[in-house]
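Predicted model, so just to flag it, every value in this text is computed and none were measured. Chain naming here is simple, since letters A, B, ... match the order of the sequence lines and numbering starts at 1 in each.
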Amino acid sequence: MDARERVLALGLPGRRDEYWKYTRPESLTDPEVARAAVLVPYEATLFDSVDRLRIVFIDGVFAPDLSDDLSLSGVHVERLCEVSRMDIHWASELYGVLEARSHSPIARPLAALNTAYATDGVMIHVTEKATKPVNLMYLHRSETSDAILHHCVKLEEGADLTLLETGPAAARFNKSMEIDIADGAAFHHVRAQGRDHERRAMTHTFARLGRESVFKSFTVTVNGVLTRNECVVELVGPDAVAHVAGAVVGDGEFHHDDTVLVTHDAAGCRSRQVFKKVLRNGATGVFQGKILVRPGAQKTDGYQISQSLLLDDDAQFYAKPELEIYADDVQCSHGSTSGAIDEEALYYLRSRGIPRTEAQDMLVLAFLAEAIDEIEDGALARDIVAAVEAWLGRRRG
Amino acid sequence: MLEIKNLHAKLEEEDKVILKGVDLTVGAGEVHAIMGPNGSGKSTLSYVLSGRDGYEVTEGSAVLSGHDVLEMEPEERAAAGLFLAFQYPVEIPGVGNMTFLRTAMNAQRKVREEEEISARDFLKLIRIKADKLSIDADMLKRPVNVGFSGGEKKRNEILQMAILEPRMCILDETDSGLDVDAMKLVAAGVNALRDDGRGFLVITHYQRLLNHLVPDVVHIMVDGRIVRVGGKELALEVEENGYSGILEGVS
């Protein structure tokens with residue numbers, strides 16, 4: 001069944017679907033794209049101090065003039081639309097393949113839609129340790145852009161890549177990434193979803209992990225009227241490690257949904273899900289995270305935490321943590337909390353002369369720290385902290 | 001320096017009056033001690049002065065060097081020179097001790113329209129001050145008070161005091177939970193800060209701290225009021241006869 005047929009078979013998501021209970025999908029599937037003002041014409045500050053290979057897209061279209069020369073030792077990059085014979089390309093075993101496998105137990109029609117209608121994207125083949133990160137930069141210039149991008153990343157045995165994603169991308173953005181990580185390979189992913197307030201995004205990250213491989217993905221989101229990030233990880237080789245983390249700061253008309261499925265299908269794998277959301281002024285957060293341990297996946301170590309800090313009575317957080325375990329020698333834990341700011345801590349900071357708003361921001365950053373700490377690279381983590389600090393500072397005025 | 005007049009305060013959420021007319025004046029360069037039995041309102045006085053939520057001042061005033069502190073936010077009181085060393089310092093996971101101290105210092109400087117201290121100068125300053133209080137680099141790097149022993153928390157309070165150099169220091173049972181050596185260290189830290197321009201209000205249950213931190217004036221507080229005022233010998237009297245003995249003398 002090809003992707004178009006999958007879309008027809010699955011149908012578009014609706015409010016009756018269990019996994020769309022807390023997030024309204026209409027504006028993601030509506031033929032008409034809601035206008036999204038372009039606030040930052042060229043957002044180029046994040047990771048500027050990092051030596052990286054930049055691949056730039058404007059409203060979902062590759063922009064060669066703004067991109068670096070796509071040559072990097074051990075890394076081969078091609079555009080999706082320039083792959084003339086997909087049937088004989090390495091990506092034929094990846095493009096739409098992880099997506100197609102992901103519809104059970106939860107249908108993901110918007111991912112099938114992406115596979116069927118993606119217009120651009122990159123196929124990244126990594127054969128050794130990349131000497132610097134690759135940064136996919138998504139610029140947003142048109143108020144009504146509707147972009148569909150699909151990337152594939154294949155890491156050969158022992159290969160290592162850090163992939164950065166930055167920028168608001170488009171008024172509406174549907175992006176998929178399928179990542180195949182061979183034995184002993186490592187993939188690090190750090191993403192900052194852009195600053196434009198009115199943008200909408202629907203993203204899927206699919207990863208398949210081989211023996212002793214590593215997948216670490218972190219996302220920070222501080223804007224967007226609607227964002228749904230789905231992450232589907234399959235641990236198919238033994239002793240693999242998967243971390244998925246997210247830090248969210250939402251204010252006002254803001255809805256953010258993390259939907260995660262980590263499947264342990266081999267012995268001795270470790271997985272972590274760490275999601276933190278700071279919400280205020282009507283902002284809504286959703287977390288639907290599941291650890292599925294298949295029969296035979298003994299010695300699994302699974303951990304999941306989702307927490308929200310609600311800064312006022314108008315903010316909302318919905319959490320649906322799930323464990324489904326079919327092996328008997330496993331260790332899995334999950335926790336979910338929702339709370340207000342610690343008034344004792346706030347008073348303590350203020351009693352030392354730190355103004356209320358600044359003290360509150362310090363506590364917000366402290367709350368997010370556990371998620372940001374999931375980023376292994378210190379320099380990247382510092383840039384993320386600085387970006388969140390700057391955002392909080394702008395809000396403070 | 002600090003002038004408290006007829007101060008009345010109650011818990012906001014219930015009608016429980018705790019301070020029932022406190023009068024107390026601490027002059028510059030003086031060390032005053034407040035002693036009193038459990039529940040007499042000593043800690044409440046420190047909270048009301050520093051601006052903690054949950055208390056309502058119903059009558060009276062507190063003026064620090066011309067500032068009506070009761071009208072100010074806690075951070076404004078701090079910038080005006082008021083400092084409370086907490087009885088139970090708060091643990092703040094995720095906020096580094098150094099970051100906290102530097103942010104506090106610069107926030108106060110900003111209010112006073114002074115220049116921010118540079119990272120380098122701050123590091124120099126904190127090393128010197130921390131060393132005197134036997135605070136090692138590890139304690140400075142850790143999150144505020146997280147994983148600190150009781151003694152370490154109290155030393156960390158004194159370190160903050162040494163860095164922020166407040167005009168008026170209130171120490172709320174800083175000696176509680178300390179062994180003799182830790183208490184001497186803390187007292188030495190406080191004594192090092194004593195000068196003509198700075199006042200201290202030391203709240204304590206016991207006389208032993210006052211052996212190391214000798215007060216000019218001792219106040220006995222009972223049921224929300226100061227019932228007796230005397231010199232340092234008053235603390236010895238408490239030690240000998242207990243508060244009941246003192247109360248008999250009063251009534």
Side-chain angles (χ1 to χ4, degrees), chain A residues 218 220 245-249 274-278 305 307-309 311-312 335 337 339-375 378 381-382 384-386 388-390 392-393 396-397, chain B residues 46-55 69 72-97 99-112 114 143-146 153 156-157 159-161 163-167 169-170 172:
Chain A
F218 169 87
V220 65
V248 165
V249 191
V274 181
F275 288 87
K276 300 265 189 166
K277 291 177 164 67
V278 181
I305 183 94
Q307 295 182 307
S308 73
L309 180 59
L311 295 181
D312 55 39
T337 64
I341 205 103
D342 180 349
E343 289 292 337
E344 279 290 298
L346 196 62
Y347 163 58
Y348 190 68
L349 294 173
R350 293 176 74 196
S351 78
R352 299 304 182 241
I354 302 171
R356 172 186 275 279
T357 48
E358 201 177 338
Q360 180 163 310
D361 288 352
M362 285 177 86
L363 296 177
V364 163
L365 273 172
F367 172 78
L368 296 174
E370 190 189 352
I372 297 173
D373 282 348
E374 292 291 316
I375 303 171
R382 278 193 293 278
I384 293 289
V385 169
V388 176
E389 268 176 346
L392 292 169
R396 231 170 30 220
Chain B
S46 73
Y47 294 147
V48 168
L49 289 174
S50 71
R52 186 187 178 127
D53 278 347
Y55 299 94
V69 295
M72 299 162 89
E73 296 292 331
E75 56 267 34
E76 294 169 336
R77 300 178 195 206
L82 186 81
F83 182 96
L84 169 64
F86 282 52
Q87 183 179 0
Y88 304 108
V90 182
E91 297 187 8
I92 311 182
V95 176
N97 210 11
T99 311
F100 160 57
L101 276 169
R102 198 169 153 227
T103 308
M105 193 172 178
N106 280 331
Q108 294 199 15
R109 286 186 163 216
K110 196 173 165 189
V111 173
R112 295 194 292 258
E114 295 164 13
V144 179
N145 293 323
V146 176
K153 282 181 182 170
N156 200 35
E157 294 292 291
L159 174 67
Q160 293 168 36
M161 195 190 279
I163 293 279
L164 298 171
E165 299 184 326
R167 272 194 269 221
C169 309
I170 304 169
D172 186 9

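B/Y88 does not touch chain A: none of its heavy atoms, backbone or side chain, sits under 4.5 Å away. B/N145 touches chain A through its side chain: at least one heavy atom from C-beta onward sits under 4.5 Å away, while N, CA, C and O do not. With a 4.5 Å cut-off on non-hydrogen atoms, B/V111 does not touch chain A at all. For B/P89, the parts sitting under 4.5 Å from any heavy atom of chain A are the backbone and the side chain alike. With a threshold of 4.5 angstrom between heavy atoms, B/I92 approaches chain A through side-chain atoms but not through N, CA, C or O. Contacts of B/R52 with chain A are made by both backbone and side-chain atoms, with heavy-atom separations under 4.5 Å.
Between chain A and the residues B/T103, B/T99, B/V95, the most heavy-atom pairs under 4.5 angstrom are made by B/T103.
Between atom CG of residue B/D172 and atom CD of residue B/Q87 there is a gap of 4.5 Å, rounded to the nearest 0.5 Å. Expressed to the nearest 0.5 Å, how far CZ of B/F83 lies from OG of B/S50 amounts to 10.5 Å. Interatomic distance, CD1 of A/I384 versus CG of A/L368, reported as 11.0 Å (0.5 Å rounding). Atom CD1 in A/I372 sits 11.0 Å away from atom CD in A/E374 (nearest 0.5 Å). Between the CD1 atom of B/I170 and the OH atom of B/Y47 there is a distance of 11.5 Å, given to the nearest 0.5 Å.
Judged as a side chain to side chain donor-acceptor pair (under 3.5 Å), the pairs with a partner in residues 358-369 of chain A (not counting sequence neighbours) are, in order, A/D361-A/R396.
Cation-pi check for A/R352 over B/F100 is not met; the charged atom does not lie both under 6.0 angstrom from the ring centroid and within 45 degrees of its normal.
Residues of residues 340-350 of chain A lying within less than 4.5 angstrom of chain B, judged on heavy atoms, are A/E343, A/E344, A/A345, A/Y347, A/Y348, A/L349, A/R350 in numerical order.
For the pair A/E370 and A/K276, the salt-bridge criterion is met [side-chain N within less than 4.0 Å of a carboxylate O].
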*asked:* Using side-chain contact (heavy atoms from CB on, under 4.5 Å), reason through B/M105 and B/I163 one step at a time and then give a plain yes or no.
replied: CA-CA 8 Å; B/M105 193 172 178; B/I163 293 279; 3.7 Å; yes
